[in-house]
Amino acid sequence: MQFEELHQKLSQWTVPDTELRDSLRLAVAEVLLPAYRISSNISGHMDPEGRFHSIAVGCYNPRKSWMLEVSSASAEVQLGINFVDYFKSETCYQIALAIKDEVEDLERAGITVIQIDEAALREGLPLRKSEQASYLEWAVHSFRITNCSVENTTQIHTHMCYSNFNDIIHSIINMDADVITIENSRSDEKLLSVFCEGVKYGAGIGPGVYDIHSPRIPSTEEIADRINKMLAVLETGILWVNPDCGLKTRKYTEVNPALSNMVAAAKLLRTQLASAK
């Protein structure tokens, strides 16, 4: 089966089992809605191009309050999804076009915040330095294909797991995402050192404020202290506040209080910054 045919078939799949469909609806009500309520009133304002200002938290948009996430082309290939007799770059371009269709469908459905996750640029970087420039060129181009047709009012997010990306920071900037979130909490802010060296990053950036791989629940004060350390490096207009990564490894009894403390810390810092002006 050709790739295009497979994509079309998969995109039309439904859940015919009514009991399973009801279970999925219940899971959405029990998992997504509580998380939405926690973070639904703490976003900064938007400019005409759809970018948020001030410290913003995670997944809220005042016009359409859902962030939808799709996998990026480069990540799929790094995970081993490749086709016989194809160069990786060609495979990435084909997957990028399929993701572009998904992104357009989401935008038509009224979704204005879409996360294309995760670019996996560093994971696929060739060991031979002579091959790195070519790789980064087509990998970044693949990412940009996925969202090249969206409106200026649609906000594109991406995420990067732990990796030493300081040496490819300019390629990350060229991805042209509106917001990038990164795993950061266990690095003691070392991943942000590149911004101390004069690199200007004009888009939003969300270094993780707590470790989602641990059951430990961080306090509001602890998260606020970490945000302050980030503000010593990053401008308030581009800083986002978010967990390190996805939360599926944690129990609800851990997730809900951790997110509540994170939102409280963001509100606290926003109040302090407003008072200082």
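- Among all heavy-atom pairs drawn from Val140 and Ser171, the shortest one is CG2-O, 3.5 Å.
- Under the 3.5 Å distance criterion, the side-chain polar atoms of Glu104 are left unmatched by any main-chain donor or acceptor of Asp101.
- Under the 4.5 Å side-chain heavy-atom criterion for grouping Ile, Leu, Val, Met, Phe, Trp and Tyr, Ile217 is not connected to Leu247 through any hydrophobic cluster.
- Annotation: side chain of Met175 is in contact with side chain of Leu121 (closest heavy-atom distance under 4.5 Å).
- A donor-acceptor pair under 3.5 Å links the side-chain atoms of Asn174 to the main chain of His170, judged by distance alone.
- Applying the side chain to side chain donor-acceptor pair (under 3.5 Å) test to Glu222 and every residue at least two apart in sequence or in another chain returns Arg216.
- Atom-to-atom distance recorded for Glu183:CD and His213:NE2 is 4.5 Å, nearest 0.5 angstrom.
- Of all the heavy atoms in Val150 and Thr154, the pair that sits closest is CB-CB, 4.1 Å.
- The shortest side-chain heavy-atom distance between Leu239 and Ile227 falls under the 4.5 Å cut-off.
- Within the structure, salt bridge (charged side-chain N to carboxylate O under 4.0 Å, His left out) pairs that include any residue of residues 137-148 comprise Arg144-Asp176 (at least two apart or interchain).
- By the 4.5 Å heavy-atom criterion applied to side chains, Thr91 and Ile95 are counted as neighbours.
- Counting only heavy atoms from C-beta outward, the side chains of Tyr135 and Lys88 never approach each other to under 4.5 Å.
- Across all their heavy atoms, Leu127 and Gln132 have their closest contact at O-NE2, 3.9 Å.
- Nearest heavy-atom pair across Arg226 and Gly208 is CD-O, 4.2 Å.
- Taken to the nearest 0.5 Å, the CG atom of Asn261 stands 11.5 Å off from the CG atom of Leu268.
- Taking the charged nitrogens against the carboxylate oxygens, Asp244 and Arg186 have no contact shorter than 4.0 Å, which rules out a salt bridge.
- For Ser23, there are no side chain to side chain donor-acceptor pair (under 3.5 Å) partners, not counting sequence neighbours.
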Could you go step by step and tell me if His157 and Ile180 meet the side chain to side chain contact (heavy atoms under 4.5 Å, CB included) rule?
-> CA-CA 6 Å; His157 290 232; Ile180 178 172; over 6 Å; no
Run the numbers on Ile111 and Glu107 for side chain to side chain contact (heavy atoms under 4.5 Å, CB included), then give the verdict.
-> CA-CA 5 Å; Ile111 304 300; Glu107 190 177 51; over 6 Å; no
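- The nearest pair of heavy atoms linking Ile212 to Pro243 is CG2-CB, 3.6 Å.
- In this structure, the salt bridge (charged side-chain N to carboxylate O under 4.0 Å, His left out) partners of Glu131, at least two apart in sequence or on a different chain, are Arg128.
- Heavy atoms only, all atoms of each residue included: Pro207 and Leu192 are closest at CG-CD2, 3.8 Å.
- Partners of Ser134 according to the side chain to side chain donor-acceptor pair (under 3.5 Å) rule, which considers only residues two or more places apart in sequence or in another chain, do not exist here.
- With rounding to the nearest 0.5 Å, the separation of OG1 in Thr146 from CG in Leu97 is 10.0 Å.
- Applying the side chain to side chain donor-acceptor pair (under 3.5 Å) criterion to Asn228, with sequence neighbours excluded, gives no partner residue.
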Start with the C-alpha gap between Asn147 and Lys100, add the side-chain angles, then the distance that decides, and say whether side chain to side chain contact (heavy atoms under 4.5 Å, CB included) holds.
-> CA-CA 6 Å; Asn147 59 91; Lys100 176 175 174 287; over 6 Å; no
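- Summarising the geometry, atom CZ belonging to Arg250 is positioned 13.0 Å from atom CG belonging to Asn256; distances are rounded to the nearest 0.5 Å.
- Contact of the Thr112 side chain with the Thr153 side chain is not registered, since no non-hydrogen atoms from C-beta on lie closer than 4.5 Å.
- One distance of note links CD1 of Ile238 with CD1 of Ile205; it measures 6.5 Å at 0.5 Å rounding.
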Would Ile182 and His159 count as a side chain to side chain contact (heavy atoms under 4.5 Å, CB included) if you check the C-alpha gap in whole Å, the side-chain angles of each, and the deciding distance to 0.1 Å?
-> CA-CA 6 Å; Ile182 60 173; His159 171 77; 5.7 Å; no
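- Between the side chains of Gln115 and Thr158, no donor N or O sits under 3.5 Å from an acceptor N or O.
- Note that the CG atom of Leu259 and the OH atom of Tyr210 stand 4.5 Å from one another [nearest 0.5 Å].
- With no hydrogens or angles considered, a side-chain donor-acceptor pair links Ser187 and Asn184 at under 3.5 Å.
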